[in-house]
Amino acid sequence: TITAQPFDIDGNPASLSTAELQRIQYIWQRVAEDYAPFDVNVTTQDPGIDAIDRSSPNDDSYGTVAVITSDRTRIAPRCVCGGLGFVNVIGLSSTSTHRTYQPALAFSANLGEGYPKYVAEATSHEIGHTFGLLHDGTTTAGYYAGQGAWAPIMGASYNHPISQWSRGDYANANNKQDDMAIIAADAGYAPDEPGTSPTTAPQLSPDSPTRGVIANATDSDWYAVVSSGGSISIRASWSAFADLDTRLDLYDSQGTLLLTDNPSVPVPQESEWATSGLDAALVTTVAAGRYYVKVSGAGQGDPRDTGYSSYGSAGRYELTTSGAVTRPVGAITTSSLGTATVGVPYSTTLATSADASCPCTWKATWAMRSISGRE
């Protein structure tokens, strides 16, 4: 039995200070970004043992726990490591066995005394082991520490602002595991947003930011932009800790590519915490008409030198539009309703046009008609 000591940076393990809560929030945010492409809930709230244990192969609601502990006497001093995790155990279908090989551990005392960037990287790394991921190293090093502004999560990603899942695209990689496919085998990818092509693209509104997720290197999200003619701006951004390096492409209604933006990430890196160059923006002047925006993940430079491929460039984004952009106009396309009976509750679903992606409120007005001289 191991009693894990609470996360603590101020010498008072009995309570959490404001500074400790801020660090916990940062750690959660960074880990949540690493797992954003997948159909999982990353939370600091205990979901209960039923949400973690897997009672049988048919139980498709299960997970793992990562304990971040200030352990200084039991395991951390002996391993002299950032954390520990059993490999390939998250999908075990026997409840007792599944529980035996959890939790994963991250030792904050060995991670810069709870330095949040280090703790977050170690936590994502150890959870990765539970999915079956092995270490990303090279032919001469067990853990690859990265290049330029990038490092693999399953290597030693502590000192680089961009940490992503990898399949060994960097030079002299000793591990060619397809990290994202292995995680998705147990977790699945996040549900895809409407808009997988121009024909299904929902229309953007200048009044309402739109959020989405790029799940993997083959995923792209399409949106329609209707302009009255003039200057328009379309920006994609998220947090400073995003895994997604965003690329935006603008097409006209005929499918001709008009404009692309994929800013460069500075090399050498600006800091180990965050970097510029992951957001993207399209600013141009257009004639009145309908246009299409494609959101996708991008790489930078040469992945065998100081760059990285688009493989692990996945995660959340938020699109905002401004300028000569027309609001979507919703329309009900249901032509008739079913028969109702007096005194019996009645409900129906109204179909709307594809452009009715704005927040809309519908009002129904009912009229009474005279029947046999009575109303």
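When all heavy atoms of Y62 and I52 are compared, the pair lying nearest together is CB-O, 3.4 Å. Nearest approach of L111 to A122, heavy atoms of both residues: CD1-CB, 3.7 Å. Pairing each heavy atom of F107 with each of C79, the nearest pair is CE1-SG, 3.7 Å. The two residues T326 and S228 have their closest heavy-atom pair at OG1-N, 3.7 Å. Scanning both residues, S310 and A217, for their nearest heavy atoms gives O-CB, 3.8 Å. For P266 against T275, the heavy-atom pair with the smallest separation is CD-OG1, 3.5 Å.
Within a 6.0 Å radius of CD in Q25, no more than 12 heavy atoms belonging to other residues, nucleotides or ligands are found. Heavy-atom neighbours of W273 CH2 from other residues, nucleotides or ligands within 6.0 Å: above the threshold of 12. Residue Y26 places its OH atom among more than 12 non-hydrogen atoms of other residues, nucleotides or ligands, all under 6.0 Å distant. For Y101, the OH atom counts as loosely surrounded, since its 6.0 Å shell holds 12 or fewer non-hydrogen atoms of other residues, nucleotides or ligands. Counting non-hydrogen atoms of neighbouring residues, nucleotides and ligands closer than 6.0 angstrom, the CZ atom of R54 exceeds 12 such neighbours. A 6.0 Å sphere centred on CG of D59 holds more than 12 heavy atoms belonging to other residues, nucleotides or ligands.
Paired with T64 under the rule side-chain hydrogen bond (donor to acceptor under 3.5 Å, both in side chains), one option of H98, Q102, E126, H129 passes, and it is Q102.
Looking only at distances, no side-chain donor or acceptor of Q269 sits under 3.5 Å from a matching main-chain atom of H160. Proximity of a side-chain donor or acceptor of E270 to a complementary backbone N or O of A149 within less than 3.5 Å is not detected. Of the possible polar contacts, one joining the S70 side chain to the P6 backbone as a donor-acceptor pair under 3.5 Å is found. With S108 contributing its side chain and I68 its backbone, the two residues share no donor-acceptor pair below 3.5 Å. A donor-acceptor contact shorter than 3.5 Å is absent between the side chain of N172 and the backbone of T139. Using a distance-only test at 3.5 Å, with no hydrogens or angles considered, no donor-acceptor pair links the side chain of H125 to the main chain of A156. Side chain of R23 to backbone of A19: no donor-acceptor contact under 3.5 angstrom is found. Judged by distance alone, with hydrogens and angles left aside, the side-chain atoms of T256 form no donor-acceptor pair with the main-chain N or O of D252 at under 3.5 Å. For the pair S313 (side chain) and A298 (backbone), a donor-acceptor distance under 3.5 Å is present. At least one donor-acceptor pair closer than 3.5 Å links the side chain of D179 to the backbone N or O of S166.
M180 and W150 sit in two unconnected hydrophobic clusters of ILVMFWY residues. Membership requires side-chain heavy atoms under 4.5 Å apart, directly or through other members. Under a hydrophobic-cluster definition in which Ile, Leu, Val, Met, Phe, Trp and Tyr are linked whenever side-chain heavy atoms come within less than 4.5 Å, directly or via other members, I27 and V67 are assigned to different clusters. By the criterion of side-chain heavy atoms lying less than 4.5 angstrom apart, applied directly or through intervening Ile, Leu, Val, Met, Phe, Trp or Tyr residues, L259 is not grouped with W222; the two fall into different hydrophobic clusters. Note on L92: it does not cluster hydrophobically with L84, by side-chain heavy-atom contacts below 4.5 Å among ILVMFWY residues. Both V295 and L258 are members of a single hydrophobic cluster when ILVMFWY side chains are connected at heavy-atom separations under 4.5 Å.
To the nearest 0.5 Å, the span separating CD1 on I214 from OG on S220 amounts to 6.5 Å. Distance CZ/R327 to OG/S205: 4.5 Å, rounded to 0.5 Å. Note that CD1 of I183 is 13.0 Å distant from CG of D39, once rounded to the nearest 0.5 Å. Distance check, rounded to the nearest 0.5 Å: CG of D261 to OG1 of T284 gives 11.5 Å. Taken from OG in S208 to CG in L319, the straight-line distance is 11.0 Å, to the nearest 0.5 Å. Between D136 atom CG and S157 atom OG the span is 9.5 Å, to the nearest 0.5 Å.
Side-chain contact check for Y158 versus Y115: every heavy-atom pair is 4.5 Å or farther apart. With contacts defined as side-chain heavy-atom distances shorter than 4.5 Å, the pair P37/N216 does not qualify. When side chains are defined from C-beta on, Y251 does not count as touching P198, because their heavy atoms never get closer than 4.5 Å. Proximity of V213 to E193: side-chain heavy atoms (C-beta onward) are separated by under 4.5 Å at one or more points. By the 4.5 Å heavy-atom criterion applied to side chains, T73 and D71 are counted as neighbours. The shortest side-chain heavy-atom distance between V265 and I162 falls under the 4.5 Å cut-off. Between D243 and D34, the closest side-chain pair of non-hydrogen atoms falls below 4.5 Å. Put simply, the side chain of N110 does not reach to within 4.5 Å of the side chain of P77, judged on heavy atoms.
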For this session: Please assess L134 against M154 for the test side-chain contact (heavy atoms from CB on, under 4.5 Å), listing each intermediate value before the final yes or no.
Result: CA-CA 7 Å; L134 304 178; M154 296 309 296; over 6 Å; no

Exercise. Could you walk me through whether I49 and R99 pass the side-chain contact (heavy atoms from CB on, under 4.5 Å) check?
Worked result: CA-CA 9 Å; I49 196 65; R99 194 176 301 180; 3.5 Å; yes

Problem set entry | Worked check of ring-ring contact (aromatic ring centres under 6.0 Å, His included) between Y189 and F38 | CA-CA 4 Å; Y189 287 110; F38 307 103; 5.8 Å; yes

Problem set entry | side-chain contact (heavy atoms from CB on, under 4.5 Å) between T100 and F86, worked out | CA-CA 10 Å; T100 296; F86 286 102; over 6 Å; no

For this session: Verify side-chain contact (heavy atoms from CB on, under 4.5 Å) between Y144 and N174, making sure each step is shown before the conclusion.
Result: CA-CA 9 Å; Y144 185 52; N174 68 347; over 6 Å; no

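Under 3.5 Å, the side chains of Y292 and D249 contain no donor-acceptor pair of N or O atoms. Between D178 and Y311, the side chains place a donor N or O and an acceptor N or O closer than 3.5 Å (distance only, hydrogens not considered). Checked by atom type, the side-chain pair D245/Y308 shows a donor-acceptor distance below 3.5 Å. Side chains of N58 and S56: no donor on one and acceptor on the other come within 3.5 Å. A donor atom on one side chain and an acceptor atom on the other are found under 3.5 Å apart for E33 and W238.
A salt bridge does not link R235 with D279: none of the charged nitrogens is closer than 4.0 Å to a carboxylate oxygen. Between R30 and E121, at least one side-chain N (NZ, or NE/NH1/NH2) sits under 4.0 Å from a carboxylate O, which counts as a salt bridge.
Centroid-to-centroid, the aromatic rings of W165 and F131 stay 6.0 Å apart or farther.
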